[in-house]
There are 2 protein chains.
Amino acid sequence: MAGKREQNREQNRQALIGAVLDSVAEKGISETSVSEIIQRAGLSRGMIHLHFGGKDNLVQAAAHHSSEAYYDGLETLLQTAGDSPQERVEMIVRGDLSERVLNQRNVSIWYAFRGEARNRKAIAEYSDTRDGRLRGMIHNAFARIVREAGTPDASGAARDATHGTLALLEGMWTDFLLHPDRFDREEAARIVFRFLAAMFPAHFSLAGAIRPKQGKRGCNSSP
Amino acid sequence: MAGKREQNREQNRQALIGAVLDSVAEKGISETSVSEIIQRAGLSRGMIHLHFGGKDNLVQAAAHHSSEAYYDGLETLLQTAGDSPQERVEMIVRGDLSERVLNQRNVSIWYAFRGEARNRKAIAEYSDTRDGRLRGMIHNAFARIVREAGTPDASGAARDATHGTLALLEGMWTDFLLHPDRFDREEAARIVFRFLAAMFPAHFSLAGAIRPKQGKRGCNSSP
DNA sequence: CCCAAAAATGGACAAGCGTCCATCAAAATC
DNA sequence: GATTTTGATGGACGCTTGTCCATTTTTGGG
């Protein structure tokens with residue numbers, strides 16, 4: 001036991017962070033006031049100042065928490081994936097588009113923070129960190145694919161593939177933000193894999209399933 | 001002359017809208033207060049209530065204005081493009097990534113409004129309208145390309161191409177938002193055209209230049 | 001030139017914000 | 001069980017917000 005004191009302390013900290021995220025998801029950042037937060041957390045007014053020194057710091061901590069949760073989820077998923085770079089890329093794409101990660105709550109929170117990112121340096125940092133780590137994971141996989149395939153201009157191809165994949169995923173998130181009802185996860189995944197199949201026809205197939213090892217084929221006209 | 005009265009009236013309305021957009025771009029939505037707005041516009045406090053009936057309506061009008069400006073700019077650009085669907089698509093892509101459209105001010109404003117869109121129905125509407133019109137323009141062009149090429153599953157291919165192109169552009173905007181300094185317009189365009197070349201090898205080349213009419217070729221392995 | 005009409009002004013106002021601290025409750029230590 | 005220590009409480013505070021309106025200024029018509 002870590003002492004009932006410290007245990008409660010941490011529990012309340014988490015309650016505050018959770019309340020901020022709930023409020024941001026439901027009402028947006030501009031309506032996430034101190035009163036709103038403490039009401040949701042069921043705690044007293046002074047707690048915010050006590051634990052975080054002020055509302056701004058609490059919001060920042062919430063952004064941090066959200067960012068970590070996203071990345072941790074993706075990393076957990078990645079550990080169940082095989083070693084091959086194709087499998088890892090596919091896992092990231094499918095994970096990023098899965099219900100677990102891409103849902104109304106997360107999207108609301110993410111875009112709310114993004115909107116404020118330009119004016120709140122601390123938040124921008126976490127926004128960036130998340131993207132940076134994801135970028136690293138994807139780039140790593142593509143670098144291996146490119147190396148194996150012996151593509152000319154290897155670093156350029158890996159960079160473009162990383163850039164394009166991330167941009168596509170980002171665009172899919174926006175799509176979901178604007179039209180959560182008519183969003184189609186399968187269609188989104190299919191389009192990403194179309195892009196990947198175009199860049200690495202020997203590694204990805206249009207169906208989105210990983211192409212089994214075989215001789216290189218250079219042709220992939222429309223289905 | 002439309003009467004000095006009405007002329008001034010309209011001028012002040014525009015000044016208020018401009019002040020809102022400037023403030024949103026520089027300080028973000030949460031710091032765009034009535035005081036901030038009227039100070040920038042150099043007008044008196046009561047003007048907002050007089051011309052728009054309240055701050056919320058003014059902000060909505062500003063979102064509308066921004067949305068219209070974006071689309072008008074793109075449409076003007078399109079009028080200088082040729083008739084071929086390839087040219088039109090290329091014009092849209094290059095236009096959307098051009099300094100004129102994709103710059104710090106526009107990106108800040110756009111993402112600030114997006115962040116609030118979920119909680120302000122009126123703003124979400126304009127956000128949607130812009131996307132909808134752009135989508136229509138692009139889909140139209142791809143539908144023609146697909147028809148000419150006689151692709152099987154024509155409507156599906158056009159839809160995927162539209163979806164993918166928009167998602168990629170969206171992702172590029174996000175990229176610019178987060179890293180305006182190290183953003184490379186040429187690289188962004190190249191990646192979009194890579195995607196297009198993969199889907200329609202007979203119509204787009206990897207270099208981003210439109211491929212002159214010629215016999216169909218189905219192969220486009222890495223450069 | 002004068003007067004009615006319209007537009008612009010800026011201060012008053014209530015409501016809501018975030019911060020802080022005197023007070024209280026409870027856990028840890030002796 | 002008494003005492004110290006630490007976490008938790010909620011009201012008071014100063015400040016800013018957006019709204020509104022009595023007043024002043026400007027414009028256009030007679």
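Just so you know, these numbers come straight off a predicted model, no measurement behind them. In what follows, every chain begins at residue 1, and chains take the letters A, B, ... in the order their sequences are listed. Quick note: numbers below take in every heavy atom, side chains included, and nothing from hydrogens, waters or symmetry partners.
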**Message:** Around atom NZ of A/Lys27, are there more than 12 heavy atoms from other residues, nucleotides or ligands closer than 6.0 Å?
**Reply:** no
**Atom-to-atom span, CG of A/Leu43 to P of C/dG18 - whole angstrom** = 16 Å
**Request:** Using a 4.0 Å heavy-atom cut-off across all strands, classify A/Arg9 as base, sugar-phosphate, or nothing.
**Result:** sugar-phosphate
**Request:** Measure from CD on A/Gln7 to C1' on D/dA8 and round the result to the nearest Å.
**Result:** 17 Å
**Request:** Send over the distance from B/Gln39 CD to D/dT17 C1', rounded to a whole Å.
**Result:** 15 Å
**Message:** If you only use heavy atoms from C-beta on, which nucleotide in C/dA28, C/dA8, C/dC17 is closest to the side chain of A/Arg5?
**Reply:** C/dA28
**Request:** Using heavy atoms to find the nearest nucleotide of DNA chain C for A/Asn8 and B/Asn8 separately, return the residue whose nucleotide is more 5′.
**Result:** B/Asn8
**Complete:** Whole-Å distance, A/Lys55 NZ to D/dC15 P, equals 19 Å
**Prompt:** Under 4.0 angstrom, heavy atoms only, what part of the nucleic acid is B/Ile48 near: base, sugar-phosphate, or nothing?
**Reply:** nothing
**Asked** What is the ring orientation for A/Phe200 with A/Phe204, classed by angle as parallel under 30°, tilted 30 to 60°, or perpendicular over 60°?
**Response** tilted
**Asked** Taking CE from A/Met47 and P from C/dT19, how many angstroms apart are they, rounded to a whole number?
**Response** 16 Å
**Asked** Is the number of heavy atoms from other residues, nucleotides or ligands under 6.0 Å of A/Asp72 CG greater than 12?
**Response** yes
**Message:** Expressed as a whole number of angstroms, how long is the span from B/Phe52:CZ to D/dC20:P?
**Reply:** 16 Å
**Request:** Could you check whether B/Asp56 gets within reach of a base, just the sugar-phosphate, or nothing at all, counting any heavy atom under 4.0 Å?
**Result:** nothing
**Message:** OP1 or OP2 of C/dG16 versus the side-chain N and O atoms of A/Ser35: is any pair under 4.0 Å?
**Reply:** no
**Prompt:** Under the 3.5 angstrom rule, does the side chain of B/Arg88 hit a backbone N or O of B/Ala141 as a donor-acceptor pair?
**Reply:** no
**Asked** Taking NZ, NE, NH1 and NH2 as the nitrogens, is one of them in B/Arg120 or A/Glu31 under 4.0 Å from a carboxylate oxygen of the other?
**Response** no
**Asked** Closer than 4.0 Å, any side-chain N/O of B/His51 to the OP1 or OP2 of C/dA7?
**Response** no
**Message:** If I take atom CD in residue A/Gln11 and atom P in nucleotide C/dA27, what distance separates them, rounded to the nearest angstrom?
**Reply:** 12 Å
**Request:** Please determine if a side-chain N or O atom of B/Asn12 lies less than 4.0 Å away from the OP1 or OP2 oxygen of C/dA8.
**Result:** yes
**Prompt:** Given D/dG10, C/dA7, C/dA12, which nucleotide is nearest the side-chain atoms of B/Leu50?
**Reply:** C/dA7
**Item:** side-chain N/O A/His49 vs C/dT19 OP1/OP2, d < 4.0 Å
**Value:** no
**Prompt:** Counting distance only, does the side-chain N/O of B/Tyr71 pair as donor-acceptor with the main-chain N or O of B/Leu134 below 3.5 Å?
**Reply:** no
**Request:** Ignoring backbone atoms, test whether B/Ser33 places a side-chain nitrogen or oxygen under 4.0 Å from the OP1 or OP2 oxygen of D/dT17.
**Result:** yes
**Prompt:** To the nearest Å, how far apart are A/Glu10 CD and D/dG7 C1'?
**Reply:** 14 Å
**Asked** In terms of the nearest nucleotide of DNA chain D, which residue is placed more toward the 5' end: B/Thr32 or A/Gly46?
**Response** A/Gly46
**Message:** Side chain of A/Val34 only, heavy atoms from C-beta on: which candidate in C/dT9, C/dT19, D/dG18 is closest?
**Reply:** C/dT19
**Prompt:** Can you tell which of C/dA12, D/dT9, C/dA8 lies closest to the side chain of B/Arg45?
**Reply:** C/dA12
